*Asks:* 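Just dropping this structure here.
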Amino acid sequence: MHQLAEFSPINELAPLGSEQRVFVAEHPKLGNVFLLQHPKAFVNQQQAERPGFVAPAITAFTDDHWRYLVLSATPYPLSFRQLQQRIQQGQLSGLNAIISLTQLLLKAHQAGYILRELNAEALYWSEDASQVLLLHCPQASTIQTVRPGLSNTTLALQSLQTLAPEASGRINCPLDQRADLYSLGVLAYALLAGDFPFTQQDALALIHAHIAKAPPSLTEHHTAKDGRLQQIIQALLQKDPNQRYQSVTAVLADFERCLQPYNEQSPFEPALYQGMQRLLFTEHLYEREQDLETLVQAFHEASSGAGSQLVVVRGYSGSGKTSLIEQLPPKTLGSKSFFIQGKQDQYLQSRFYSALSAALAQLAEAILQEPTDALQRWCHQLQQAAGEDAYLLCELAPEWQPILQAGPKAPTNTSGNTELRRFDQLTYRLLQVVANQGYTVILFLDDLQWADRATLRWLEQLACEHDQQRLLLLLSYRDNEVQEQHPLSFTLEALARSPMVQHQLELTPLSAQAILHLLADTLQTSTAEVSPLAELLLQKTSGNPFYLKQLMQKLYETQLLQYNDAVGWHWDSRAIAQLNITDNHAAITSERLSRYSTKIQRLFQYCTLG
């Protein structure tokens with residue numbers, strides 16, 4: 001077993017995070033090495049567990065309270081910052097460095113990984129920049145597509161520097177390998193420009209820049225005079241993943257084209273869709289612009305202190321109610337607000353507050369991410385508001401225990417209904433504490449056609465609380481499942497009589513024109529080209545967004561809709577016309593799951609039972 005004393009001299013390099021330090025050292029037998037230092041409490045990463053695209057560990061050892069991974073530092077002497085300087089001074093080619101980094105990313109993607117973050121401080125290059133070493137990538141995942149939660153990020157600024165907009169968890173967009181292409185674009189930009197495209201020192205401001213701001217142009221930098229490089233990096237830095245390159249293979253091919261002299265007779269066009277292997281839908285919502293504007297305006301009214309706002313969104317199952325509301329959080333970025341949501345479950349209607357408890361748990365998690373001084377103030381005020389009733393919330397949502405420090409439930413003879421009323425009043429008080437701090441709570445309760453009676457009563461009482469401020473209450477339900485005598489109907493009538501400012505949104509099926517544009521954007525072609533297909537899909541789905549996308553996915557999986565680099569997207573109109581499609585969510589999902597192996601189907605069953 002090695003000891004730290006065996007390594008000398010030891011020089012500290014830029015850290016990878018608050019608890020991850022890096023050293024370069026000499027060892028009489030191992031030679032020039034990197035030492036990655038972690039607290040012992042960290043999960044040990046043995047050599048076999050490190051992905052193949054990450055620097056392999058020669059050995060590992062513990063010393064005092066630290067765990068060390070030993071990695072070979074030969075031949076990787078150049079840090080990201082040193083490489084930047086040499087490129088700016090004209091000593092090294094920025095293109096060669098970018099190509100070596102792209103090759104590293106290709107290796108990761110071919111192994112099925114999403115890196116999720118590319119920390120510049122974890123990258124070291126060879127003297128000629130033709131080889132690159134990645135020391136550490138703790139966020140790497142083999143899951144093909146992830147939808148991050150809408151919560152505050154706790155990543156360090158150096159990680160946020162390369163974070164893709166969708167990786168922030170603040171926009172309604174799944175996270176896949178294209179997020180790594182954005183990070184690649186940021187690093188390529190920084191190598192050529194000498195600085196990162198966004199340099200804000202506040203985490204929220206930096207995230208907002210990635211989501212909403214355009215980076216300064218590269219045209220003025222002498223290291224990026226090649227217009228082809230500028231085009232490639234500009235494509236990598238697109239906010240919408242569908243407008244970026246779709247595969248790292250295409251990126252590498254275009255960077256390598258830049259090694260050849262520019263031919264003015266053959267204009268350069270980035271091969272964005274070369275090597276595309278999946279059907280990818282745009283996150284844009286068609287014919288919902290006015291509805292989204294209503295949501296944004298309601299948020300501004302609530303956050304200005306003008307009074308609580310209620311927005312009720314109704315529509316047929318699959319009409320896009322949830323997708324619409326999840327477009328709101330990016331519009332509130334930079335404001336003092338908490339977006340929390342809960343979804344009612346068809347099979348949990350007998351469980352009180354199931355959706356509400358999920359939303360309140362998110363609120364606790366968001367408050368716990370506040371800085372230490374602010375968190376102490378939050379805890380003090382919330383504990384005062386909760387009083388002896390704190391246990392009622394902590395039992396339902398244990399995430400509140402670190403904040404409220406609830407004691408054990410005292411013996412009592414009170415009835416269940418009395419405790420429910422006390423719980424309701426407790427949550428109203430806590431919401432008011434949040435409002436008094438100048439924060440707006442955006443509370444979204446989804447699929448209320450399956451709401452339990454306690455939740456419905458909670459909503460009715462909330463609407464009558466005249467002192468509730470800075471609250472935006474968003475409710476959605478399937479109006480095709482709510483008849484006149486449905487319990488939700490009575491709650492909606494009670495809400496309509498409340499003093500809250502109210503907005504009603506009804507989502508209707510997509511028009512033929514909207515479907516035409518959705519197909520043109522998804523298949524990256526003209527509306528004229530997809531017009532016959534649009535007519536077929538309108539007939540099959542009646543303009544329902546969910547069924548439309550499910551049908552397109554089915555066409556792709558059964559190869560009735562295909563892509564190749566030579567001709568782009570093409571389809572079999574005759575076979576599509578003969579397809580049957582159901583308008584039942586469960587049937588559609590069951591049919592898709594039936595294509596998986598029996599083992600995978602059992603795994604899905606196990607997950608749903610959990």
Side-chain angles (χ1 to χ4, degrees), residues 102 105-106 109-110 144-145 166 173-174 176-182 184-185 227-228 231-258 260 263 265-286 510 512-541 545 547-579 581 592:
T102 308
L105 188 57
L106 174 64
H109 283 191
Q110 286 178 335
Q144 282 193 343
T145 303
E166 63 271 27
C173 183
D176 56 37
Q177 289 181 334
R178 295 172 298 170
D180 296 338
L181 300 184
Y182 181 92
L184 173 64
R228 296 173 296 178
Q231 285 182 264
I232 296 170
I233 294 173
Q234 183 179 16
L236 290 170
L237 292 178
Q238 290 298 309
K239 310 299 185 185
D240 183 350
N242 290 330
Q243 296 177 5
R244 290 178 210 146
Y245 282 87
Q246 300 301 297
S247 73
V248 68
T249 306
V251 181
L252 180 59
D254 275 359
F255 276 136
E256 290 177 338
R257 287 167 64 189
C258 295
Q260 304 301 319
N263 182 1
Q265 304 302 317
S266 178
F268 179 83
E269 287 291 338
L272 300 183
Y273 305 105
Q274 178 183 332
M276 186 160 57
Q277 299 178 350
R278 290 191 295 137
L279 178 64
L280 300 165
F281 295 103
T282 174
E283 294 299 319
H284 177 72
L285 299 184
Y286 297 83
L510 299 180
Q513 193 69 14
I515 293 176
L516 194 63
H517 286 289
L518 186 153
L519 291 181
D521 291 344
T522 301
L523 304 182
Q524 300 298 326
T525 188
S526 67
T527 53
E529 182 71 23
V530 296
S531 181
L533 179 61
E535 291 181 13
L536 274 175
L537 298 188
L538 177 60
Q539 294 170 13
K540 297 289 184 181
T541 65
Y547 301 138
L548 176 63
K549 291 184 177 181
Q550 289 293 307
L551 177 55
M552 290 182 67
Q553 190 64 43
K554 178 179 180 180
L555 298 180
Y556 179 70
E557 291 172 357
T558 56
Q559 298 187 336
L560 296 181
L561 175 65
Q562 298 184 57
Y563 179 86
N564 64 55
D565 293 336
V567 299
W569 288 100
H570 56 100
W571 50 88
D572 187 339
S573 297
R574 181 175 299 179
I576 294 173
Q578 295 173 356
L579 279 178
I581 182 170
R592 288 194 65 193

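All of these numbers come straight from a predicted model, not from anything done at the bench. Values below: every heavy atom of this structure, side chains too, minus hydrogens, waters and symmetry copies. Numbers for residues simply follow the sequence, beginning at 1.
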*Asks:* Identify the residue among Leu561, Leu536, Thr541 that makes a side-chain contact (heavy atoms from CB on, under 4.5 Å) with Leu551.
*Replies:* Thr541
*Asks:* Atom CG of Leu272 and atom CG of Asn242: how far apart are they, to the nearest 0.5 Å?
*Replies:*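 Result: 11.0 Å between the selected atoms.
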*Asks:* Quick one: side-chain hydrogen bond (donor to acceptor under 3.5 Å, both in side chains) pairs with a partner in residues 529-539, sequence neighbours left out?
*Replies:* none
*Asks:* Considering non-hydrogen atoms only, spot the tightest contact between Tyr245 and Leu181 and give its length.
*Replies:* O-CD1, 3.3 Å
*Asks:* Run Leu184 and Thr102 through side chain to side chain contact (heavy atoms under 4.5 Å, CB included) and show every step you take.
*Replies:* CA-CA 7 Å; Leu184 173 64; Thr102 308; 3.7 Å; yes
*Asks:* How close do Ser247 and Gln274 get, counting heavy atoms only, and between which atoms?
*Replies:* OG-O, 2.9 Å
*Asks:* Taking the six-membered ring for Trp, are the ring centroids of Trp569 and Tyr273 within less than 6.0 Å of each other?
*Replies:*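 Centroid distance Trp569-Tyr273: not below 6.0 Å, so no.
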*Asks:* Working to the nearest 0.5 angstrom, can you tell me the gap between Leu533 CG and Leu516 CG?
*Replies:* 9.5 Å
*Asks:* Would you give the length of the straight line joining atom CG of Asp572 to atom CD of Gln562, rounded to the nearest 0.5 angstrom?
*Replies:* 9.0 Å
*Asks:* Using the rule given for side chain to side chain contact (heavy atoms under 4.5 Å, CB included), can you reason through Val530 versus Thr522, listing the C-alpha separation, both sets of side-chain angles and the distance that settles it, and then say yes or no?
*Replies:* CA-CA 10 Å; Val530 296; Thr522 301; over 6 Å; no
*Asks:* Identify the two heavy atoms, one from Pro270 and one from Gln231, that lie closest to each other, and give their separation to 0.1 Å.
*Replies:* CD-NE2, 3.6 Å
*Asks:* Starting at CD1 of Ile232, measure out to CZ of Arg244 and round the result to the nearest 0.5 Å.
*Replies:* 16.0 Å
*Asks:* Rounded to the nearest 0.5 Å, what separation is found between the CG atom of Leu548 and the CG atom of Leu519?
*Replies:*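 Output value for this atom pair is 6.0 Å.
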*Asks:* Going by salt bridge (charged side-chain N to carboxylate O under 4.0 Å, His left out), name the residues that satisfy it together with Asp254, two or more places apart in sequence or in a different chain.
*Replies:*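 With neighbours one apart ignored, the set is Arg257.
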*Asks:* Considering non-hydrogen atoms only, spot the tightest contact between Ala575 and Leu560 and give its length.
*Replies:* CB-CD2, 3.7 Å
*Asks:* Please give me the minimum heavy-atom distance between His517 and Tyr286, naming the atom from each residue.
*Replies:* O-OH, 3.8 Å
*Asks:* Contact between Leu579 and Leu555 at the side-chain level, heavy atoms closer than 4.5 Å - yes or no?
*Replies:*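 Leu579 reaches Leu555 side chain to side chain.
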*Asks:* Closest approach of Arg178 and Gln246, non-hydrogen atoms and distance?
*Replies:*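 In this case the closest contact between Arg178 and Gln246 is NH1-OE1, 3.1 Å.
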*Asks:* Do Leu537 and Met552 make a side-chain contact, defined as non-hydrogen atoms from C-beta onward lying under 4.5 Å apart?
*Replies:*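 Touching, per the 4.5 Å side-chain cut-off.
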*Asks:* Are the side chain of Gln559 and the backbone of Tyr556 linked by a donor-acceptor contact shorter than 3.5 Å?
*Replies:* no
*Asks:* Is it the case that the side chain of Lys540 and the backbone of Ala577 share a donor-acceptor pair, with hydrogens and angles ignored and the cut-off at 3.5 Å?
*Replies:* yes
*Asks:* Begin from the C-alpha positions of Tyr182 and Leu236 and carry the test side chain to side chain contact (heavy atoms under 4.5 Å, CB included) through to its verdict.
*Replies:* CA-CA 5 Å; Tyr182 181 92; Leu236 290 170; over 6 Å; no
*Asks:* Looking at Gln234, I'd like to know if its CD atom is crowded, meaning that more than 12 non-hydrogen atoms belonging to other residues, nucleotides or ligands lie closer than 6.0 Å.
*Replies:* no
*Asks:* Between the side chains of His109 and Asp180, is a donor N or O closer than 3.5 angstrom to an acceptor N or O?
*Replies:* yes
*Asks:* Are Pro241 and Leu280 side-chain neighbours, meaning at least one heavy-atom pair lies under 4.5 Å?
*Replies:*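 When only atoms from C-beta onward are counted, Leu280 and Pro241 do not touch, as no gap falls below 4.5 Å.
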